[in-house]
J.: 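Okay, here's the structure, questions in a sec.
Quantities reported herein were computed from a predicted structural model and do not represent experimental measurements.
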There are 2 protein chains.
Amino acid sequence: MANSQKKQKILEVAARLFRDKGYPATSMRHLADEVQLKASSLYNHIGSKEEILQTICFDNAHRFAKEMKGIQENSTLDVTEKVKALIQLHIEMATQEITSVTAFNDEWRHLSEPHLSNFMKMRKEYEGAFKALLQKGMEEGTFKQKNASILLYTLLSSFRWLYDWYKPGKSIQIQQIKDEMIDSLMNGIS
Amino acid sequence: MANSQKKQKILEVAARLFRDKGYPATSMRHLADEVQLKASSLYNHIGSKEEILQTICFDNAHRFAKEMKGIQENSTLDVTEKVKALIQLHIEMATQEITSVTAFNDEWRHLSEPHLSNFMKMRKEYEGAFKALLQKGMEEGTFKQKNASILLYTLLSSFRWLYDWYKPGKSIQIQQIKDEMIDSLMNGIS
């Protein structure tokens, strides 16, 4: 494996350990065992447990920010299509960028300052942009709900099961998850 | 406070500590501080940290099982009304029975055997009953989705933000949360 692939593998295994055992209870020794490296070799790839957490949190935050910007600026999409694109983005991140679990499963709370504040600022900006889009849909009468916060958090929450449940190779295809979730969230179930 | 009220308060504070710090990192000493009791007085109410976890998990599991049974057996409700009643139940539990966070935030994973297996069995039965209801709605054409698992987990996930976010006294009323969430989950947003 090339070094960049090895590093990616380390980040993914770390994210899974953080999810299953919690960040405080995960040791570098345990991580080394899981990726089958000696602790000394692990440190060739990564400086510390906190550096892993920072890398994971900010890689994901920048990815979400970039995708949001692309969707916001895409003038060929109406507000419904923009919300659909964001639902797709969250399903893709949950099923393909498995480190993104750390940003959703609250392990980011263990970041030290100033990283914690920076991460929370990016998170707030992302949620603000998503909420503004829902608000716009409500104002123009496309969406019929009244409270953009309730709708935002209901949507963002609805993806969380994917982090516990989805494993590559599951018999359900990602495309089917996208189709069914977009349909139930946009059009309801009844 | 009567003893039963004190015990309820201890369970609620413990559930909040488990959520914020994780079960392994929560000590009985810390719990005693938070409920303003001496450790020795705390043990008059509760035998051990594990006993707290067991009480919380099984009180909630029995409550959900009982409510599910009532809804299943209520022949005046059609399948849509039954699903609405379950959505209401989850919102009520998240906003009023705050210990239920422990059953949703995965802290139940720290139960010892045979309690862990018993809890997982009750959880599986509850999810199975909920899924059967969704399946029935799909078969009779009331719900248009095809995959009951995706729909079940999307619904169950969608309540999780309430545990992080809802605090009594928030300016949003529980009735508004119910109205908006039932509307968006049953009828969609667009």
J.: Could you tell me which non-hydrogen atom of Lys146(B) sits nearest to which non-hydrogen atom of Glu180(A), and how far apart they are?
T.: N-OE2, 3.0 Å
J.: With a sphere of 6.0 Å drawn around NZ of Lys69(A), does it hold more than 12 non-hydrogen atoms of other residues, nucleotides or ligands?
T.: no
J.: How about residues 20-51 of chain B versus chain A: which residues have heavy atoms under 4.5 Å apart?
T.: none
J.: Using a cut-off of 6.0 Å, state whether more than 12 heavy atoms not belonging to Lys131(B) lie near its atom NZ.
T.: no
J.: Identify which part of Thr154(B) has an atom lying under 4.5 Å from any heavy atom of chain A, answering side chain, backbone, both or neither.
T.: both
J.: Select one option (side chain, backbone, both, neither) describing which atoms of Val79(B) are under 4.5 Å from chain A's heavy atoms.
T.: neither
J.: Would you compute the distance between atom CD1 of Ile189(A) and atom CG of Asn187(B) and round it to the nearest 0.5 angstrom?
T.: 9.0 Å
J.: For Ile177(A), is it the side chain, the backbone, both, or neither that has a heavy atom closer than 4.5 Å to a heavy atom of chain B?
T.: both
J.: Is there a side-chain contact between Ile150(A) and Met181(B) (heavy atoms, below 4.5 Å)?
T.: yes
J.: Does the Lys144(B) side chain pair with the main chain of Ser184(A), one donor and one acceptor, at a distance under 3.5 Å?
T.: no
J.: Between Thr80(A) and chain B, which part of the residue has a heavy atom less than 4.5 Å away: side chain, backbone, both or neither?
T.: side chain
J.: Quick one: OH on Tyr163(B) to OG on Ser157(A), what's the gap to the nearest 0.5 Å?
T.: 10.5 Å
J.: Can you get from Leu156(B) to Ile91(B) by hopping between Ile, Leu, Val, Met, Phe, Trp and Tyr side chains that sit under 4.5 Å apart?
T.: yes
